[in-house]
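The next block holds one structure in the form of structure tokens; read it before the comments.
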There are 2 protein chains.
Amino acid sequence: MRKKNSTNWINEKKITANCGMGYTLNLIGGRWKAGILWAIVEKGTLRFSEIRDQLSGISERMLAKQLDELEEDELINRIVYPEVPPRVEYELTKLGVSMRPMLQQMSEWGEMHQKQTEEAAQ
Amino acid sequence: MRKKNSTNWINEKKITANCGMGYTLNLIGGRWKAGILWAIVEKGTLRFSEIRDQLSGISERMLAKQLDELEEDELINRIVYPEVPPRVEYELTKLGVSMRPMLQQMSEWGEMHQKQTEEAAQ
DNA sequence: ATAACTCCTTACAATTTTGTAAGTTTTGGC
DNA sequence: GCCAAAACTTACAAAATTGTAAGGAGTTAT
């Protein structure tokens with residue numbers, strides 16, 4: 001998957017290591033993670049299929065991957081109910097919860113700027 | 001460059017359009033932008049070469065590209081001094097400045113979590 | 001016996017991002 | 001004339017991310 005000797009990888013490490021923002025972006029960057037996190041923040045707990053249906057456009061492969069990474073980074077917990085058919089729920093960890101104000105500010109800034117840009121475009 | 005009919009592109013648009021956070025991440029995401037912005041925030045104004053030297057690892061091609069995009073998104077201003085050899089300075093726009101608290105929070109959260117993770121790893 | 005359900009996996013392909021190396025431009029100093 | 005300086009461009013290549021399509025496991029409903 002990832003080549004640990006590519007400049008690409010080295011640069012990522014460097015940035016993640018000495019810049020708080022780089023670190024943050026590494027965790028929540030990419031196309032889907034912010035949305036997933038945001039959905040879970042709002043509802044408290046969500047099943048795989050619920051997230052999939054909420055983020056229109058995401059494929060199951062992508063969702064599974066993103067969830068894996070978020071779990072790996074300890075931002076969410078994965079709770080498996082041994083039922084058939086299976087049920088799996090995702091919730092924020094303590095660390096995930098601690099992101100909430102930051103996520104909110106990012107979301108709000110985005111909405112504000114978005115609105116301004118739309119107005120300016122008219 | 002970008003295929004406007006790829007699912008990839010459509011998904012990006014979708015997310016950017018209906019989620020403030022997606023919008024925000026679209027502007028400051030990626031490997032370099034946050035660092036560039038942060039450097040400019042700290043110093044007020046920076047030359048191309050100063051940014052290049054500050055972000056160890058970035059190539060000139062990457063820096064030029066990122067600066068282009070940041071300018072396009074109206075987060076920074078590009079000021080050209082018609083001298084030889086040329087001098088170009090970059091500063092935040094009003095919009096760029098408005099990101100400051102958000103960037104700060106992202107940076108702080110990152111530093112905090114980073115520290116915690118390091119401690120936990122020992 | 002077959003289908004259905006949920007939450008994934010796998011193999012593969014397309015797209016996008018990132019990086020490398022080498023120019024280019026303009027003018028002034030040697 | 002030749003080189004240097006700063007800020008890019010260009011052509012190319014590597015790597016990473018994202019997407020498509022299909023399958024699988026294990027039980028219960030039909």
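Side chains included, hydrogens not; waters and symmetry mates left out as well; all remaining heavy atoms used.
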- Query: In residues 29-60 of chain A, which residues come under 4.0 Å of DNA chain C by heavy atom?
  - Reply: A/Arg47, A/Phe48, A/Ser49, A/Glu60
Considering only nitrogen or oxygen atoms on both sides, find all protein atoms under 3.5 Å from nucleotides 10-13 of chain C and state each distance.
| unit_1 | atom_1 | unit_2 | atom_2 | d |
| --- | --- | --- | --- | --- |
| C/dA11 | N6 | A/Arg61 | NE | 3.1 |

- Nucleic acid footprint by protein, nucleotides 24-30 of chain D - heavy-atom cut-off 4.0 Å, B for base, S for sugar-phosphate alone: --BB---
- Counting any heavy atom closer than 4.0 Å, what does A/Tyr90 reach on the DNA or RNA strands: base, sugar-phosphate only, or nothing? sugar-phosphate
- Message: Using side-chain contact (heavy atoms from CB on, under 4.5 Å), reason through A/Leu27 and B/Trp109 one step at a time and then give a plain yes or no.
- Response: CA-CA 11 Å; A/Leu27 294 183; B/Trp109 187 89; 3.9 Å; yes
Identify every side-chain donor-acceptor pair in residues 69-80 of chain A under 3.5 Å, counting partners at least two apart or on other chains, and give the distances.
| unit_1 | atom_1 | unit_2 | atom_2 | d |
| --- | --- | --- | --- | --- |
| A/Glu69 | OE1 | A/Lys33 | NZ | 2.7 |
| A/Arg78 | NE | A/Tyr90 | OH | 3.4 |

- Query: At under 4.0 Å, does any side-chain N or O of B/Thr7 touch on OP1 or OP2 of D/dT20?
  - Reply: yes
- In whole angstrom, what separates B/Leu67's CG from D/dA7's P? 11 Å
- Going by heavy atoms closer than 4.0 Å, what residues in residues 8-17 of chain B are next to DNA chain C? B/Asn8, B/Trp9
- Using the test ring-ring contact (aromatic ring centres under 6.0 Å, His included), find all partners of B/Tyr23 that sit at least two apart in sequence or belong to another chain. A/His113
- Compare the minimum distances between each of C/dC7, C/dG19, D/dA7 and the side chain of B/Met62, then state the nucleotide with the smallest one. C/dG19
- Which nucleotide in the list D/dA7, C/dT18, D/dT18 gets nearest to the side chain of A/Lys65? D/dT18
- Message: Less than 4.0 angstrom between a side-chain N/O of B/Ser6 and OP1 or OP2 of D/dG19, yes or no?
- Response: no
